[in-house]
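In what follows, a structure is listed as C-alpha cells, so that the remarks can point back to it.
Count residues from 1 along the sequence. Just so you know, ligand 1 is whichever comes first in the structure, and atom 1 is the first atom listed for that ligand.
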Amino acid sequence: MKNPYYKIIDQEETIFEHVYKNKLPLLIKGPTGTGKSRFVEYMAHKMGKKLYTVACHEETSATDLIGRYIIKGAETVWIDGPMTKAVREGAILYLDEVAEARPDIIVALHSLTDHRRTLFIDKTGETIPADDSFMLVATYNPGYQKGFKELKPSTRQRFVSLSFIYPENKVETEILINETGSEEDIAKKLVKMGAKIRNLTELGLAETVSTRLLVDAAILIKSGLPQRLSCNVAIAEPLTDDEDTLEALKDLISLSI
Ligand SMILES: Nc1ncnc2c1ncn2[C@@H]1O[C@H](COP(=O)(O)OP(=O)(O)O)[C@@H](O)[C@H]1O
Ligand SMILES: [Mg+2]
C-alpha cells in the first residue's frame, strides 16, 4: 500500500515515536478535519504496524472492543474484538472519538493504560499482557462535546496528549495542492476563505471550516463544478442548517472566489 500523504505540522511525528517506544498511550485532541486520523494512518504505515481503527459512537461498548461469544452450529465460540486482537498481535489500536463510547470501555482502558498493560476479559477469564509493540491511540474532539460528552479528567491523565489545530495558511495551501492536485491560485483562495470563516466567531458555528471541507471544495472545483457552487455545497452547507448563517457564508464565499 502507498504511504498515506501526511504533511508534518509540528513535532507530532517525533512525539509519537517517543510515546510508542516508551509504551505509553497517546491522546490526540482537536476539532474535526484537522488531520488526526490521517496522521495515525501515516504513522502506522511508516512504522510498519497493523492498525485497528474503531470509530466510537454512543453504542460502542466494551464488548465491541474486547470480543464476544457467538453461536456457531452447536457450539459457542469466542471472537476477539479489535482491542483484544491489537493487544495480542502488538498492533496499534486507534479509538477514534473515544469520548463518544459507553463508559464501560473506560474500565478496559484503565488496565491497559497503566503499568499493568494488561487486558482482562471477564467473559473468558483470560488475562492478556499486551505485546511489547502494542500501542493505544485515541482521539477526542473537545469542542463540540461542550456540555455533554467529556472525557473525565482521571481518564485524560492516563494519556500523553497532543493538540491538533488548523494549520497556518502556507501549510494548508500545500496540503490542498498535494491532496487534490488543485491549482495554486485556487488553493490559496480557498485557504484564505477558510481563515476568514474561522475568524468570524459571530456566526456562532458549532464547528468551523476544517481542512477536510477545503479539500472537498478543491476536489469539486478540480472536477469541473463551478467554484462558488463547489464552495457552497462543500463548505457552507455542511457547516450550518440555519438560513441566516448560510446566507452569510454564501455571501462571504462569493466575495472570496
Ligand atoms: N497535515 C495534513 N496532511 C495531509 N492531509 C491533511 C492534513 N490535515 C488535514 N488533511 C486533510 O484533511 C482531511 C481530514 O483529515 P482527517 O485526518 O480525517 O481529520 P480528523 O481525523 O482530524 O477529523 C484528510 O482527508 C486530508 O485530506
Ligand atoms: Mg478522524
Side-chain angles (χ1 to χ4, degrees), residues 1-17 25-47 49 51-58 60 65 82 92-101 135-146 149 151 159 161-184 186-195 197-198 205-223 230-231 233-235 237-239:
M1 200 188 98
K2 219 172 108 246
N3 199 3
Y5 165 67
Y6 177 75
K7 164 83 184 158
I8 307 289
I9 308 286
D10 194 8
Q11 306 261 78
E12 66 272 33
E13 191 175 14
T14 319
I15 294 169
F16 191 106
E17 284 165 352
L26 180 68
L27 180 69
I28 307 176
K29 303 186 276 180
T32 185
T34 43
K36 300 184 295 297
S37 296
R38 181 64 67 86
F39 170 61
V40 176
E41 285 159 23
Y42 164 83
M43 289 307 299
H45 192 274
K46 185 186 171 207
M47 297 161 71
K49 292 187 66 66
L51 179 64
Y52 287 97
T53 298
V54 181
C56 301
H57 52 82
E58 301 96 76
T60 308
L65 298 182
I92 297 177
L93 175 67
Y94 172 33
L95 301 178
D96 201 3
E97 299 289 357
V98 66
E100 294 293 317
M135 181 181 191
L136 175 67
V137 181
T139 60
Y140 150 70
N141 182 339
Y144 74 78
Q145 279 137 342
K146 226 169 266 163
K149 293 253 169 118
L151 214 50
F159 293 85
S161 301
L162 197 55
S163 272
F164 272 41
I165 47 162
Y166 303 112
E168 56 176 77
N169 287 10
K170 211 171 140 257
V171 176
E172 196 164 43
T173 306
E174 188 185 323
I175 293 172
L176 288 198
I177 294 172
N178 258 292
E179 185 74 2
T180 69
S182 157
E183 285 162 36
E184 188 174 351
I186 303 279
K188 277 188 174 157
K189 277 189 190 160
L190 287 172
V191 166
K192 234 173 139 182
M193 178 194 301
I197 297 175
R198 285 172 198 156
L205 297 169
E207 284 247 311
T208 192
V209 54
S210 65
T211 307
R212 177 186 293 129
L213 296 189
L214 299 180
V215 164
D216 291 348
I219 288 173
L220 293 178
I221 293 171
K222 171 104 176 144
S223 146
S230 297
C231 293
V233 296
I235 298 172
E237 295 281 357
L239 282 178

Metal site the Mg ion (ligand 2): N/O/S of Thr32 inside 2.8 Å: no
Element-labelled atoms of ligand 1 that are located less than 4.0 Å from some non-hydrogen atom of Val215: 27 (O)
Ile9 and ligand 1 - part of the residue with a heavy-atom distance under 4.0 Å: side chain
Residues Glu172, Lys189: salt bridge by 4.0 Å N-O rule: no
Nearest-neighbour protein heavy atom for atom 18 (O) of ligand 1, which is reported as residue plus atom name and distance: Arg212 NH2, 2.9 Å
Top protein contact for atom 6 (C) of ligand 1, by heavy-atom distance: Ile175 CG2, 3.6 Å
Location of contacts on Lys36 toward ligand 1, heavy atoms closer than 4.0 Å: both
Shortest protein contact, atom 24 (C) of ligand 1 (heavy atom only): Arg38 NH2, 3.7 Å
Closest protein heavy atom (residue, atom, distance) for atom 27 (O) of ligand 1: Glu179 OE2, 2.8 Å
Glu17/Lys46 salt bridge by N-O under 4.0 Å criterion: yes
Residue-ligand contact Gly33/ligand 1, heavy atom below 4.0 Å: yes
Heavy atom of the protein closest to atom 3 (N) of ligand 1 (residue, atom name, distance): Lys7 N, 2.9 Å
cation_pi(Arg38, Tyr5) dist<6.0 Å, angle<=45: no
Salt bridge Lys7-Glu179, side-chain N to carboxylate O under 4.0 Å: no
N-O pairing of Glu174 and Lys170 below 4.0 Å: no
For atom 9 (C) of ligand 1, the option (of Ser37, Ser210, Gly35) bearing the nearest heavy atom: Gly35
Side chains of Tyr94 and Ser37, donor plus acceptor under 3.5 Å: yes
Any Ile15 side-chain heavy atom under 4.5 Å of Asp10 side chain: no
Any N/O pair Tyr5/ligand 1 closer than 3.5 Å: no
